Amino acid sequence: MAPQVQRQANPFQRAAPPPAHFINERDFAAIYAAAEFASKFNLVLDGHVTILWDRLADARASSPQAELTAFLKCLRAWYAHWGISPAWIYSHETGHKVGPHTHFAIAVPVMDSPWALPYRSKFKVWASRYCMHRTGRKVPGALRVRLPNKPTPWLHWLNTHYLLKGYDPAAIVQAAELAPDRRAVRLGDLIAFPWRDPGPRMFRNRVGVSHALGPGQRKVGIPAGLYDPANYASVVDPFGLTSVLRPQPPFLSRYDQGLRDVRMLYPVDFLDRVRPPLTAINAPADLDFADMTAGLDV
């Protein structure tokens, strides 16, 4: 009898890369609702922050998840220190060259009065010092910020769409028989940027929003951190003794109400600027997307 030959593993065999983690319809609905909620209360998400987690993790011998947790904690603390509404949304991606990174769209207020604090300048200073504070040394290219000096409302939706470019290209959000033109509406039909592979999943969630814009606050009807009485409808006490403040009704996004027409989902000034759809390489120079995404093979 011939001796039994033990089967050897192929020394050249490599594990298959994990599948890409696309933004699905639920993710899109969450980001859209938070963005529309912010826009309703003039929390303009025109700031764009990109963080490369491997560079921070290598500098501290930690993990991307630990660095993400630390950054979110510090970001919340910065907003709390200045007493402003902590409004942001974000999306995780994994690039072939730079590894896991996150794009944030943030709202930092700009006040018109001459005695108001320069919050945007203060945020830029804080962000420029974050890596040094976190790691004790400079970490080139780990954290990048684009924050215009003046509010730029149409960037609110452009930043939001840029975060959503890793959508599921096969996802259908409205069946053909329910569409006015009898053509199925895909998730990509609602997003201005063309599809880009977001890479494999590295974090538990694909997208996220700050507590101020989350589902709990949308049920309350007003973002956390906004306490202006003008945001509430006053109800006069029938006995004429007191005035009671009645909270806003719960907020329900247009998408959650069933709208699937981009002309109803987005403002006209944004739609006029994104025809034809933008990409990271042909966006107008003043958006600085080329610099923000330089080296990000996503």
Side-chain angles (χ1 to χ4, degrees), residues 31 34-35 38 43-60 64 67-82 84-93 95 97-111 116-165 193 207-210 212-213 278 280-281 283-296 298:
I31 289 294
L43 297 173
V44 183
L45 302 172
D46 56 356
H48 189 152
V49 177
T50 302
I51 306 180
L52 311 185
W53 299 114
D54 276 352
R55 296 188 184 182
L56 284 176
D58 291 345
R60 282 185 50 87
E67 294 308 314
L68 170 64
T69 301
F71 179 78
L72 289 174
K73 179 179 179 180
C74 291
L75 188 61
R76 287 191 292 266
W78 186 87
Y79 278 87
H81 174 77
W82 295 109
I84 55 182
S85 183
W88 64 78
I89 59 179
Y90 62 88
S91 173
H92 301 304
E93 298 175 354
K97 295 180 180 179
V98 300
H101 57 279
T102 302
H103 296 288
F104 288 82
I106 65 171
V108 179
V110 175
M111 305 300 183
L117 292 174
Y119 293 114
R120 296 200 170 193
S121 297
K122 291 181 179 298
F123 183 86
K124 290 177 182 178
V125 171
W126 173 83
S128 68
R129 297 174 178 174
Y130 176 80
C131 293
M132 176 64 75
H133 174 77
R134 177 67 180 162
T135 67
R137 60 186 177 88
K138 293 182 178 181
V139 189
L143 193 156
R144 309 173 190 181
V145 176
R146 190 202 70 240
L147 187 61
N149 293 327
K150 298 181 179 180
T152 312
W154 78 276
L155 281 178
H156 175 99
W157 285 110
L158 190 79
N159 285 340
T160 300
H161 280 233
Y162 189 76
L163 269 58
L164 295 168
K165 65 185 184 297
F193 281 90
V207 300
V209 307
S210 64
L213 306 177
L278 290 169
I281 60 175
D286 60 331
L287 299 183
D288 203 20
F289 267 114
D291 290 340
M292 287 295 298
T293 60
L296 299 185
V298 297

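Predicted, not measured: the structure shown is a model, and the values here were computed from it.
K165 and F193 get closest at one heavy-atom pair: CB-CB, 4.1 Å. The two residues A87 and S210 make their nearest non-hydrogen contact at CA-OG, 3.5 Å. H156 and A38 get closest at one heavy-atom pair: CE1-CB, 4.0 Å. Contact record, A59 with V139: CB-CG2, 4.0 Å, taken as the closest heavy-atom pair.
Atom CG in D58 sits 11.0 Å away from atom CG in L52 (nearest 0.5 Å). The distance from atom CG of L45 to atom CG of N159, rounded to the nearest 0.5 Å, is 7.5 Å. L143 contributes atom CG, which lies 13.0 Å from atom NE2 of H101 (distance to the nearest 0.5 angstrom). Atom CD of E67 sits about 14.0 Å away from atom CZ of R55, to the nearest 0.5 Å. Taking CZ from F71 and OH from Y130, the interatomic distance works out to 6.5 Å, rounded to the nearest 0.5 Å. Rounding to the nearest 0.5 Å places CZ of R146 at 8.0 Å from CG of D46.
Between C131 and L56 the shortest side-chain heavy-atom distance falls below 4.5 Å. Between L75 and W126 the shortest side-chain heavy-atom distance falls below 4.5 Å. Between I89 and V207 there is no side-chain heavy-atom pair separated by less than 4.5 Å. When side chains are defined from C-beta on, I31 counts as touching T160, because their heavy atoms get closer than 4.5 Å.
The backbone N or O of R134 sits less than 3.5 Å from a side-chain atom of R60, completing a donor-acceptor pair. Distance alone, capped at 3.5 Å, is enough to place a donor-acceptor pair between the T152 side chain and the K150 backbone. Although no hydrogens or angles enter the test, the distance criterion places a donor-acceptor pair under 3.5 Å between the side chain of K124 and the main chain of L147. Panel note: side chain H103, backbone T50; no donor-acceptor pair is recorded below 3.5 Å.
Using the six-membered ring where Trp is involved, W88 and Y79 have ring planes that are tilted, between 30° and 60° apart. Ring planes of F104 and Y90: tilted class, angle from 30 to 60°.
With L43 as the partner, the side chain to side chain contact (heavy atoms under 4.5 Å, CB included) test is satisfied by one option alone out of I84, I106, V108, L213: L213.
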